[in-house]
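When reading the values below, keep in mind they use all heavy atoms of this one structure, side chains included, and skip hydrogens, waters and symmetry mates. Small disclaimer: the values here were computed from a predicted structure and weren't measured.
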Amino acid sequence: MNNLSTMMREIEGYLTPAIIDSAKRCSHRLLAALPDSEHLSRNCVLLAYGGGKDSSYMVAYVRYIQGLIWQQRGDTFRLRISTNRHAAMSDSVMENIDRVYRALAIHHDAFVESLIVDGQQIRPFERHLPLPASVRQQNHSDVLMNGHRFRADARSTFCNACNLSMVNSFGLAAHYNGGVDMIITGDSPQEQTAYVAWARHLSRLFDAPTAEKDQGFRGFLQTLDGVALRYSAAIHGEEAVTPARRIMHQLARDPLFFNIYQDTAYEAGAHWALLNDFMRFRFDPLMFSFSESDCGNPTLMAHIRGLRAETLLQRSYAEGIREYVRFALGLMEQKDFPPQLIAEMAARYRDDAAIEQQRQRAARFAEETFGLDDTQLVCMIYSPFIAQGSQLRSWLTQQQIGLDEAAIRQLLAGERDDAALAQQLGQLSGLDLAQLRHCWRSSQVSSLLEGKSADPLSRVLRFDPHKAVIQVNHGVLQDTVTEVISGR
């Protein structure tokens, strides 16, 4: 049974004439591109769905196209919708996804399968499906180990491993249950070409094998699997590279790509009634976090910026927060967020009292999501164990930690065993002894300001987007210094 007739009757009152016309044009293009044009329901089409405002609109748009084709032909393609989940996606994101699915009559529709990818596990979507403890633990380790290696750089700490996980979820969903014929994307052909070039560039940086250019999506995934293997080994150590940190590339079949970039606009204000009134999408106080509407990590990025100003730079927490807010509101403007959403975000940090309230909210979120307290986040900011403890003395002194520096150096160099000291360091950092020792053996990643480096991690950081160079006051040096700020 399908629910398309009910859905089509209800949705059209929320679509502008421009959206309806573009969807009709897109449906003709899609019909011509499907591999089996005679038996439409034999075609399986994959759409990735992050749970945010833009991807919710994408789901509605593709679902409407599915209905248009069904009205025209009495048959239509099967739609597979896949959501990659991580610890920083709260229950409110699942609630939004469920509301979108209900509005679009997706539940119990024979033409749609909706999936959740949790690490290596792929299951049908359920509103209250619990996040596996293994995913939460992996996210905890990824944040800590990336954070220490990249000196708590916002995007590197929270986004690098998450981006690789997202690519892995594409492979898992594209292979699941016999595979798919086509993947629908909102990326332009130029962006798709850039992604392939980016993957091949990363493979050269990490000296990883590169698939042949004619291997299609399977080759793209295979190339990035080599990158993921070497990146994860650099961050965690070779012994910690599990299948969950690799990328699935052995697909049942190699899908075609179909882009709808030219058919629709992503700016949320253009389809506000559809998003807000029909699908009842709600902007959660945590998941709506600067330029994201399905992830609370940007709130933690701001929090870490505040903690950095308060501890490492010996300034005030509020000064660091205001630096991040100025930067991130600029990102929202670049991404064409509606003015009312930008104003709402600015109001959250409008004065010292509001900043303090957000500080408490961010600290709770870090604890509940990643099991990290402020002491452990501050430790990550100092990165005291990297490069054989180059910042160890500064951390111990400024944070007034009464541990013996020589004993720590001997423990992490493997020259002595001290279970009590290892436990104390674990409580202060969140890292176990194996992780501490891997940090000790690892070099510090160079920032944009420190010149070019042959180290692949430094080059990844150097070319990462969404960052800016700013001037800040350094309380210890009593001088103005240049820093790089990044985020989402």
Side-chain angles (χ1 to χ4, degrees), residues 1-51 53-83 96-116 124-125 170 173-174 176-187 255-266 271 273-275 278-281:
M1 161 184 157
N2 75 72
N3 307 322
L4 286 167
S5 58
T6 301
M7 188 275 300
M8 293 295 286
R9 187 168 58 249
E10 294 175 349
I11 195 174
E12 288 195 337
Y14 297 89
L15 301 177
T16 65
I19 291 176
I20 292 172
D21 288 345
S22 75
K24 287 178 179 178
R25 292 193 301 271
C26 188
S27 70
H28 296 319
R29 287 198 306 113
L30 182 58
L31 269 174
L34 290 171
D36 193 335
S37 58
E38 295 298 319
H39 307 91
L40 296 181
S41 56
R42 292 182 182 176
N43 298 284
C44 186
V45 174
L46 173 64
L47 179 65
Y49 180 26
K53 62 177 182 60
D54 292 339
S55 59
S56 292
Y57 175 63
M58 280 273 288
V59 171
Y61 190 82
V62 174
R63 176 67 164 157
Y64 181 63
I65 289 172
Q66 188 183 39
L68 286 174
I69 293 174
W70 178 77
Q71 287 178 335
Q72 179 184 345
R73 298 283 296 270
D75 194 14
T76 193
F77 60 88
R78 290 179 292 116
L79 177 60
R80 175 179 296 173
I81 308 172
S82 172
T83 298
N96 264 337
I97 292 172
D98 186 60
R99 278 196 291 260
V100 168
Y101 284 169
R102 289 181 184 279
L104 298 174
I106 280 172
H107 292 312
H108 313 298
D109 188 312
F111 282 122
V112 187
E113 61 177 338
S114 50
L115 305 173
I116 286 285
F125 174 86
F170 290 160
Y176 178 76
N177 197 23
V180 298
D181 300 285
M182 179 179 288
I183 296 175
I184 290 184
T185 174
D187 299 319
L256 303 170
F257 269 81
F258 181 86
N259 84 76
I260 62 174
Y261 172 79
Q262 67 269 45
D263 298 295
T264 187
Y266 282 91
H271 44 263
L274 177 69
L275 191 68
F278 180 65
M279 294 191 291
R280 296 189 302 120
F281 185 93

Smallest heavy-atom separation, Tyr49 atom then Ser55 atom, equals CD1-OG, 3.3 Å
How would you list, by chain and number, every residue that makes a side chain to side chain contact (heavy atoms under 4.5 Å, CB included) with Asp21, sequence neighbours excluded?
Arg25
Answer yes or no: is there a side-chain heavy-atom contact under 4.5 Å between Phe278 and Glu10?
yes
Indicate the atoms forming the closest heavy-atom contact of Ile260 with Gly186, along with that distance.
CG1-CA, 4.2 Å
Please examine the side chains of Ile106 and Val100, heavy atoms only from C-beta on, and report whether any two atoms are closer than 4.5 Å.
no
Flag the pair Asp181 / Leu34 as yes when at least one side-chain heavy-atom distance between them is below 4.5 Å, and no otherwise.
no
Using the side chain to side chain contact (heavy atoms under 4.5 Å, CB included) criterion, which residues pair with His107? Sequence neighbours excluded.
Asp98, Tyr101, Arg102, Phe125
Shortest non-hydrogen contact from Leu256 toward Pro35:
CD1-CG, 4.1 Å
Nearest 0.5 Å, please: how far is CD1 in Ile97 from OG1 in Thr83?
4.0 Å
Is any side-chain heavy atom of Arg63 closer than 4.5 Å to a side-chain heavy atom of Ile81?
no
Please report the shortest heavy-atom distance between Val180 and Ala173, naming the atom on each side.
CG1-O, 4.2 Å
Donor-acceptor check, side chain of Thr76 to backbone of Gln66, threshold 3.5 angstrom: yes or no?
yes
Quick check against the 3.5 Å criterion: does Asn43 have a side-chain atom that pairs as donor or acceptor with the backbone of Phe77?
no
Set of residues satisfying side chain to side chain contact (heavy atoms under 4.5 Å, CB included) with respect to Ala23, sequence neighbours excluded
Tyr61, Tyr64, Ile65, Leu68
Could you check whether any side-chain N or O of Asp36 sits under 3.5 Å from a backbone N or O of Arg42, counting only pairs where one atom can act as donor and the other as acceptor?
no
What pairs with Arg29 under side-chain hydrogen bond (donor to acceptor under 3.5 Å, both in side chains), at least two apart in sequence or on another chain?
Asp263
Report yes if some heavy atom in the side chain of Val59 is under 4.5 Å from a heavy atom in the side chain of Met279; otherwise report no.
no
Hey, does the side chain of Asp75 reach the backbone of Ser41 with a donor-acceptor pair shorter than 3.5 angstrom?
yes
Look at the side chain of Asn96 and the backbone N and O of Phe281, then say whether any donor-acceptor pair between them is shorter than 3.5 Å.
no
Under the salt bridge (charged side-chain N to carboxylate O under 4.0 Å, His left out) test, residues paired with Arg80 that sit two or more places apart
Glu113
With Thr16, which residues qualify under side chain to side chain contact (heavy atoms under 4.5 Å, CB included), at least two apart?
Ala18, Ile19
Heavy-atom side-chain contact between Asp109 and Met7 under 4.5 Å
no
Heavy-atom side-chain contact between Gln72 and Lys24 under 4.5 Å:
no
Between Leu275 and Ser56, which heavy-atom pair has the shortest distance, and what is it?
CD1-CB, 4.0 Å
Phe258 side, atom CZ; Leu30 side, atom CG - distance, nearest 0.5 Å:
4.5 Å
So, applying side chain to side chain contact (heavy atoms under 4.5 Å, CB included) with Ile183, which one of Asn259, Leu47, Leu46 is it?
Leu46
For Gly67 against Leu4, the heavy-atom pair lying closest together:
CA-CD2, 3.8 Å
Report yes if the side chains of Ser82 and Phe170 come closer than 4.5 Å at any heavy-atom pair, otherwise no.
no
